[in-house]
Amino acid sequence: MEQFPQLPPQQFLPRHIGIIMDGNGRWAKQRGLPRSVGHKAGAETFRKIATFCRDIGIPYLTAYAFSTENWKRPQEEVDAIMDLLREYLDDTAKHQGEDVRTCFIGDREPLAADLREKIRRVEEESAHNRTITVNIALNYGGRDELVHAARRLAREAAAGRLDPESIDEKMVSNALYTAGQPDPDVIIRPSGEKRLSNFLTWQSAYAEFVFLDVLWPDFDQNHLCSALWEYARRDRRFGGI
């Protein structure tokens, strides 16, 4: 039986973890390597952490893979990231027995047609899996998501199917990419940066934040456990006493 690092008691574990996977480029630069090598190492870290979260009973994991702003990066780097995503999707399709539901959140329209088809197929084939839902935020931005939700609700109102005065927080939540899922309990960001960077803007309203001084490719089970202990020690009052 696989041995895990010391974890908090199960009742203190979060239902939903959000991770901002940051530091791939810096990791590669420190080693005199191309940034693409850093992204490849980061992709492997993601596979390991997602598997670990499944094995310790975390029901939801959302990872920030590619933001709406990341298109500004050099084309060579963007192409390398998209190729890694293709590899991940092909590999995921071979491991449906691991009971992982894979979802993608973000605007898919700018993605290449073959990538959109791979995403569609993996989501469809994994829809029945229940042990863990892994959301991959791809071409995602929190503000962009809110604009998308506002437009969706506006179309419903314009068509006479929705009274604008009836719009409440639940309706907005149900118009987001994460509809039907619990909000993240904790958002973890490695790399030493201490900002949200447009990640789950609405959903993170009451999330706990844990920032770690480790670059994402070096992030491992022990770092995650450290973050989970930090989360377990927090007193979450949600505006109460």
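The first residue of the sequence shown is numbered 1, and numbering continues consecutively from there.
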With a 3.5 Å distance limit and no angle check, can you tell me whether [X] reaches the backbone of [Y] through a side-chain donor-acceptor pair?
X: Tyr60; Y: Asn135; value: no
X: Arg234; Y: Phe209; value: yes
X: Asn198; Y: Arg143; value: yes
X: Asp99; Y: Thr131; value: yes
X: Tyr231; Y: Phe12; value: no

Search all heavy atoms of [X] against all heavy atoms of [Y] and return the closest pair with its distance.
X: Pro190; Y: Ile20; answer: CD-O, 3.0 Å
X: Ala80; Y: Ser36; answer: CB-CB, 3.8 Å
X: Asn129; Y: Val100; answer: ND2-O, 2.9 Å
X: Ala41; Y: Pro217; answer: CB-CB, 3.9 Å
X: Val37; Y: Trp27; answer: O-CZ3, 4.2 Å
X: Leu200; Y: Pro184; answer: CD1-CG, 3.9 Å

How about [X] and [Y]: do any of their side-chain heavy atoms sit closer than 4.5 Å?
X: Thr92; Y: Ser126; result: no
X: Pro8; Y: Leu13; result: yes
X: Ile119; Y: Leu138; result: yes
X: Thr68; Y: Asp107; result: no
X: Arg236; Y: Asp185; result: yes
X: Leu89; Y: Phe104; result: yes
X: Arg189; Y: Asp22; result: yes
X: Pro59; Y: His16; result: no

Hydrophobic cluster membership, with links at side-chain heavy-atom distances under 4.5 Å among I/L/V/M/F/W/Y: are [X] and [Y] in one?
X: Ile188; Y: Tyr64; result: no
X: Ile132; Y: Val122; result: yes
X: Val214; Y: Ile49; result: yes
X: Ile19; Y: Phe46; result: yes
X: Ile58; Y: Met21; result: yes

Worksheet entry | Contacts of type ring-ring contact (aromatic ring centres under 6.0 Å, His included), residue Trp216, not counting sequence neighbours |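 Phe219.
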Item to complete: Could you list the residues that satisfy ring-ring contact (aromatic ring centres under 6.0 Å, His included) with Phe211, not counting sequence neighbours?
Response: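 For Phe211 there are no ring-ring contact (aromatic ring centres under 6.0 Å, His included) partners, ignoring immediate neighbours.
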Point-to-point distance, once rounded to the nearest 0.5 Å, from [atom1] of [X] to [atom2] of [Y]:
X: Leu228; Y: Gln6; atom1: CG; atom2: CD; answer: 12.0 Å
X: Lys194; Y: Asp213; atom1: NZ; atom2: CG; answer: 5.5 Å
X: Thr133; Y: Arg130; atom1: OG1; atom2: CZ; answer: 7.0 Å
X: Thr201; Y: Leu146; atom1: OG1; atom2: CG; answer: 6.0 Å
X: Asp90; Y: Leu85; atom1: CG; atom2: CG; answer: 9.5 Å
X: Arg101; Y: Cys103; atom1: CZ; atom2: SG; answer: 3.5 Å

Discussion item. According to side-chain hydrogen bond (donor to acceptor under 3.5 Å, both in side chains), who are the partners of Asp114, at least two apart in sequence or on a separate chain?
Written reply: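 By the side-chain hydrogen bond (donor to acceptor under 3.5 Å, both in side chains) rule, Asp114 matches Arg86.
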Worksheet item: Stepwise, does the side chain to side chain contact (heavy atoms under 4.5 Å, CB included) test hold for Val134 with Cys53?
Response: CA-CA 10 Å; Val134 175; Cys53 285; over 6 Å; no
Practice prompt. Tell me yes or no: between the side chains of Gln181 and Gln203, is some donor less than 3.5 Å from an acceptor?
Written response: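 No, Gln203 and Gln181 have no side-chain donor paired with an acceptor closer than 3.5 Å.
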Discussion item. Pairing donors with acceptors under 3.5 angstrom, does anything connect the side chains of Arg47 and Tyr88?
Written reply: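 Their side chains do not contain a donor-acceptor pair, so the 3.5 Å distance test is not met.
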Worksheet item: For atom NZ of Lys40, is the number of surrounding heavy atoms from other residues, nucleotides or ligands below 6.0 Å larger than 12?
Response: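 No.
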Do [X] and [Y] sit within salt-bridge range, that is, some charged N less than 4.0 Å from a carboxylate O?
X: Arg26; Y: Asp218; answer: no
X: Arg120; Y: Glu117; answer: yes
X: Lys48; Y: Asp220; answer: no

Practice prompt. Name all pairs fulfilling the side-chain hydrogen bond (donor to acceptor under 3.5 Å, both in side chains) condition that reach into residues 147-159, sequence neighbours left out, sorted by first residue then second.
Written response: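 Pairs touching residues 147-159 that pass the test: Glu156-Arg161.
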Fill in: Qualifying side-chain hydrogen bond (donor to acceptor under 3.5 Å, both in side chains) pairs with a residue from residues 70-82, counting only residues at least two apart or across chains
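For residues 70-82, and leaving out neighbouring residues, the side-chain hydrogen bond (donor to acceptor under 3.5 Å, both in side chains) pairs sorted by first residue read Arg35-Glu77, His39-Glu77, Ser67-Asn70, Trp71-Asn139, Arg73-Glu77, Gln75-Asp79.
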Under 3.5 Å, which donor-acceptor pairs do the side chains of residues 169-177 form with other protein atoms, sequence neighbours left out?
unit_1 : atom_1 : unit_2 : atom_2 : d
Ser173 : OG     : Glu169 : O      : 3.2
Ser173 : OG     : Trp202 : NE1    : 3.1
Asn174 : ND2    : Lys170 : O      : 3.3

